[in-house]
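Quick notes on the structure that follows.
These numbers come from the heavy atoms of this one structure, side chains and all, not from hydrogens, waters or symmetry mates. First listed ligand is number 1; within each ligand, the first listed atom is number 1.
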Amino acid sequence: MKRLVITILLFLFASTTFAAERPDLIVVISIDQFPYYYLPRFEHYFAENGFDRFIEHGANFTEARYPYAITETGPGHAAIGTGNPPSRSGIVSNDWYDRITHETVYCAADPRVTPPFSPLNLGCDTLGDRAGEKYPGAKVVGVALKDRAAILMTGRKATEAYWFDPKIPGFTTSTYYTAANRTILPEYNATVPEYVKSHTVWEQTTFIPAADLQRITHDPEALRKYKSNPYGLGVQFPHPLESVSAVTTSPYGNGLVIAMAERVLETEKPLLLYVGLSSTDYIGHAFGPDSLEAADNVVRTDRDLAGFFEYLDRHYGDRYTAALTSDHGVQSIPEVAKALGRDAGRFGMGDPHKNDKTFADLAKHSPERVQLEKSLAETFKIEVSDATPLNDRLVHTFQEPGLYLNWDRIRALKLDGEQVKTAVRDALRKMTGVAGAWTSSELNAPNPKATDVELAIRNAFRADRSGDVLMALKEGWIWNFGPTGTTHGQPVEADMHVPVMFYGRGITPGTYTTEAAPTDIAKTLGALLDVDAGGPDSHVLPCVEK
Ligand SMILES: [Zn+2]
């Protein structure tokens, strides 16, 4: 009898210590376009249970940076899910040029399935794939506004990925996910029209006192013409929300995603849930990170997170672990940066528009692209003028951060391909705003003396998908996609430095100043599940015992 009691006690002890380690649920939240500098800028105005949950009670890695150059949504979410940079995940950009089909490939495209989105292009396993192997039947689910966020974070063996389609309006998935629970969609989507109808205007909150707002933003009337006006929102408060897309371009987009995430938790009970909040990205692109809109959105998103954590506390108590990060940061609107005395600009490398016929047409929106062509013409003694037809260009396609050469033209002119690559590289290096340029041949060979910028480019390069020449812009400079708004995508502090924070079961709280990266998230959370996830260059972060 005594022995039996001891055995039972030992069994209870063993099972409780095991349970104390492994969480019942891991939630990974990615806030699309959330530079680290938002945290110190806005933390005085946070509520108790949102970001402060991580800052006060969790593990906050204050020096977490992406280790690669193409700081975009596709590569970022692939990095969060797989723990690998684009050189290994294969997601070298949001879009790349396929040299065989001569078509642009979208990172989450899959022509086999309906609608045509899946992780087909993803080149390696995710934490979800590893967890699914270790715990048969465990579910891995993604919920995000953007398809590529839900798809690339969860991975090839995911149970389900749901993303938002304003045309429905509501969440959808693709036939790739054969296990998908299709009944959740019509049930949830029936609630969307009412939600949209009850959010007709975005008014400014008073979470940040007016005097402080003046100090921490830079949004004078005279610079508002450099903001974009997406979906009729206008460029100042109050913003009318007259369509579904307008609602997702406001902080109210968070509510759509979080409500769906909660429904997934109730009906699917996943082990791993990935949540992608992308309204912050739409707001940042349109109004810039220094705007009143960005400020209001961050403090509103903080309250939305608090609501989500209250839900998780209620349903999971202390049996869950949460991670929070972002797929990339963002740079100031260049005209705002210049007004603040910083070096900044828009760099026009974009491809010809549909009706462009000559170099003069292209120069209207991509002046640097034509400057490059003229410089190449000089090097190779080719006659070009503003009237030269665009078919004669030597750079065929630009997909960030790479240039794909016009090999038909190179052959017709009997030029040496390597010499053209080198000439493109050298011409780019001389242009204002350029931090560096490298040929694919250079990147295919090791370089022990590579600078930080070159290392970031190397981590973004995969020979079959990347351009013939890759380039990077200086801090402050962005690709010119139009005269207003801003973007990200460079190997610069504002784009690379993002939050990496953990909270909950298995996490030792603290402020960690050790080097870290969002590519460490998969391996770190994998340690909690006793699975070996993440790439060969990623680490288990010190908030988790190895
Ligand atoms: Zn993004």
Suppose we only count N/O/S atoms under 2.8 Å; would [X] qualify as near the Zn ion (ligand 1)?
| X | answer |
| --- | --- |
| Glu72 | no |
| His488 | no |
| Asp32 | yes |
| Thr73 | yes |

### Task
Could you tell me whether the side chains of Ser228 and His285 share a donor-acceptor contact shorter than 3.5 Å?
no

### Task
Among the N/O/S atoms of Asp327, select the one at the shortest distance from the Zn ion (ligand 1) and name it.
OD2

With ring centroids as reference points, do [X] and [Y] lie under 6.0 angstrom apart?
| X | Y | result |
| --- | --- | --- |
| Phe42 | Phe207 | no |
| Phe54 | Phe502 | no |
| Tyr252 | Trp202 | no |

### Task
Would you please test Asp464 and Arg99 for salt bridge (Lys or Arg N to Asp or Glu O under 4.0 Å) and show each step?
CA-CA 8 Å; Asp464 57 342; Arg99 293 182 176 85; over 6 Å; no

